[in-house]
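This report refers to the structure that appears directly beneath it.
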Amino acid sequence: MNRRRAAVALGLATALSVSGCAVGGGSGASDGTVTLHMVESLTNPARTAVLKTLIDRFEKQNPKIKVDLISPPTDTADQKIQQMLQSGSGIDTMEVRDITAGPWSTNGWIYDMSKDLKDWSGWDALTDNAVKYSKDAKNRTYYIPYGFYGLSLYYRTDLVSKAGFTGAPTSWDELLTQATAIQNPAKRQYGYAFRGGTNANSNAVAVIEAYVADKIDRENGFKLTSGKTIFSAPEALTALETYFKLFKKASPPSSVAWGYPEMVEGFSNGSTAFLLQDPEVIATVGESKTITKKQWTTAPLLTGPSGKAVQPVATAGWGIASASKHKAEAEKLIEFLSEGDAASTFDKKNSLVPILKSSADDTFYKTGAWASYVKMTENPDTYITVTQPRNSSWWTEWIQKSDSEIQKVLLGKMTPKQLLADWNTYWTDKWKSQ
Amino acid sequence: MNPTTTDAGPRQVAPPPAKTSTPAPPRSRRPVFTGRRGLSIAAFMAPAAVFVAIFVYYPMVAGGQMAFRNWNLNDLTDTSWVGLKNFREILADPVFYTVLDNTAVWVVGSIVPQFVIGFAIALWLRRRFRFRGLYQALIFFPWAISGFLIGILFRWMFNSEFGVVNDLLEKAHLIDTPIPWLADPKTAMTAVVIANIWYGVTFFTIMILAALQSIPDEIYEAGAIDGAGKVRTLFQITIPSIRGTLALTVLLRVIWIFNFPDIIFGMTGGGPSNETHIVTTWMISITQQGDYGKASALGLIVVAMLMVFSVFYLTATRERNGKAS
């Protein structure tokens, strides 16, 4: 081979290797085996292990389909998925959350499965909520939910009775009273695991929604039935004042920066008596070595002055990338994960509100910490379920803005009144600009 | 025997080249990229050039373009040209000025203690003593850990309720009540700087120790004969001998620390209420919101700032190379 040929060959090899970098997504082997690239978002080791077990079962049932599960760290997973979707390669199926479905579908990155799943037998087995959340406002199916997240109150039964109370608080006012009574910083005992860090907005909005429960728009939990924002209601100010009193009187000072890990750790290690969290924490607290199972349980979500609570439902599920070349195989996988034992196992092992109707008869969900969820489900007029505008394209911007402003209030740089006025203007302007 | 002759008889020997009065022109230091040789060199350099173009220059150009566009990942249906809008939004945001102040505190507050402590440890490690190798390994260990991990580690250490820092301070009777380190903007900035100092001391130690080991022992011996004490030895022998390395290390470190969001991200995420954001963490935070246009504009501002340090660095290295040659 002369030098010129060698140079050309080298150049070609480079070009091929470079173009090879751009090739991705599901790949097909010569024997007809298809490899699906699947990316999860809310990753944790235990959950990944469960998912891998289910994938193994799927692969055994479908020997011509292999699934390559990619599990990026939770903090950066959505960004990673976003980048892969934007590049149009390297991904077939992925975890789609209610907060990512909006922007991803707007950009045309995720596939509308509605036509393909029209005759899917699994629909009948899903709960009403699962069917509802699997379709957007225009009846498009971008993901099938694998479960639901919903708030309940985790509380220390021993500390509550020791402080002289007969049972768990049912309202925000009662929570303030009980948490304040339990608070004893000298003994490193705190009343409430306040969320002041990442996602602080979620609990603040939950209080406001409870206080305006009688006039809330159930299809848009940030709106009143009058069409105004919930932040414009006079009750919203009372709600926030009660909520911020919880921080001042009954929470650890450092909770101004507490996010999910600190809150759960605070409750699990016995430092805080109350915690407002989603059900996936049941499994985590259950593994605590500091507090025994007899020392804690959950209670339904706290009510406002009208005696009603508002449950903002959050969900996530499995969807398909628009650019995937193996949509049929990806759909098979999603159907498998959304049906029967696979769906039930995933929900139980990850402590999620289930998507299958059959779970209503399952004793697993009727006992212990799950009992509060059953109570909430059985009393839909007291525990009102609302849909938040989590699919807005500005949702991420809202989270960062609102979290930062809540910290400003906690640090005394903003008043609750200013905060509400700002939030009211923000959402009113955003909706006007739509 | 004359080596140029054989039994066959004398051969004609070429006369030596005539000496001319004008010396031959010096060979150019630059390689000649002509003909086949040039093609071969270009072919071997091509893969590297392609990769650099793809992974360095393309993102730079693309990022530069994004800075002038409405490029928001949450809605890419309109990515039109918006001129200087992204820059205006950044300059009009009060957080930008907090971020600038924090960046100055972050860089200066980290670099000075890192330098002083790193220098002291390097001087100590230069001496010959038992288990020196073990101490060196222990001191270099932090450098092997990821910055983000260090951040998470320090977040728990500085946690006011369960953290080891408050626990130690209380046991030493230095405080009565726990300090909410990461909850108060003033203490939060102090805490992240402390973490960064701990992390970065190693780098200075490694660099300065390497430079110290290049100073010949004879110079110290001569100094000792002349009666120089420890302080005079430090300021008149040690520091002048490694001045170049010190200057370059500091400059390089300034650029790195300026660009080092890992620890802050792991410890505070820029909070509480944006009070610990530096330019790079704020840029990541804007990226996380999906606003790549605004983040790219901030990126260009950061590049402009770093250019200043880069010019200093390049000038310093050029001077050093010039002196060396």
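Fair warning: this is a prediction, and the values are worked out from it, not measured in the lab. To find a chain, count down the sequence lines: A is the first, B the second, and so on, and within it residues start at 1. Atom set for the values below is all heavy atoms of this structure, side chains included, hydrogens, waters and symmetry mates excluded.
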On a heavy-atom basis, the closest approach of A:Asn107 and B:Asn74 is ND2-C, 4.1 Å

Does the side chain of A:Glu262 reach to within under 4.5 Å of the side chain of B:Trp156, using non-hydrogen atoms? yes

Checking A:Gln189 against chain B: side chain, backbone, both or neither under 4.5 Å from a heavy atom? neither

Side chains of A:Gln86 and B:Leu76: closer than 4.5 Å at any heavy-atom pair? yes

Any heavy-atom pair between the side chains of B:Pro272 and A:Leu410 that's under 4.5 Å? no

Tell me, yes or no, whether the heavy-atom count around A:Asp429 atom CG, taken from other residues, nucleotides or ligands under 6.0 Å, exceeds 12. yes

Got a second to check how far A:Asp403's CG is from B:Asn274's CG, nearest 0.5 Å? 10.5 Å

Verify the neighbour count for atom CZ of B:Phe141: are there more than 12 heavy atoms of other residues, nucleotides or ligands below 6.0 Å? no

Side-chain contact, heavy-atom cut-off 4.5 Å: A:Gln79 with B:Thr287? yes

Between B:Ser285 and chain A, with a heavy-atom cut-off of 4.5 Å, which part of the residue counts as in contact: side chain, backbone, both or neither? both

Chain A heavy atoms under 4.5 Å from B:Phe265: which part of the residue, side chain, backbone, both or neither? neither

Between A:Ser271 and chain B, with a heavy-atom cut-off of 4.5 Å, which part of the residue counts as in contact: side chain, backbone, both or neither? side chain

Counting heavy-atom pairs under 4.5 angstrom with chain B, the leader among A:Lys408, A:Glu397, A:Gln82, A:Gln400 is A:Gln400

Engaged part of A:Pro261 at the chain B interface, taking heavy atoms whose separation is under 4.5 Å: both

State the CH2-CG distance between A:Trp394 and B:Asp291, to the nearest 0.5 angstrom. 15.0 Å

Given heavy-atom pairs under 4.5 angstrom as the criterion, report whether the side chain, backbone, both or neither of A:Trp104 touches chain B. neither

Check whether B:Gln288 gets within reach of chain A through its side chain, its backbone, both or neither, counting any heavy atom under 4.5 Å. both

Considering only heavy atoms, which portion of A:Trp395 lies under 4.5 Å from any heavy atom of chain B: side chain, backbone, both, or neither? neither

More than 12 heavy atoms of other residues, nucleotides or ligands under 6.0 Å from NZ of A:Lys430: is that the case? yes

Just give me the residue among A:Ile406, A:Ile399, A:Thr396, A:Asp78 that pairs up with chain B most often, heavy atom to heavy atom, under 4.5 Å. A:Thr396

Heavy-atom nearest pair, B:Ala183 first then A:Ser254, reads CB-CA, 3.6 Å

Contact origin within A:Lys401 toward chain B - heavy atom pairs under 4.5 Å: neither

Going from OG on A:Ser255 to CG on B:Leu182, what distance comes out if it is rounded to the nearest 0.5 angstrom? 12.5 Å

For the pair B:Arg155 and A:Glu265, find out whether any cationic side-chain nitrogen is under 4.0 Å from an anionic carboxylate oxygen. no

How long is the span from the CD atom in B:Glu161 to the OG1 atom in A:Thr272, to the nearest 0.5 Å? 9.5 Å

Is any side-chain heavy atom of B:Thr177 closer than 4.5 Å to a side-chain heavy atom of A:Pro185? no

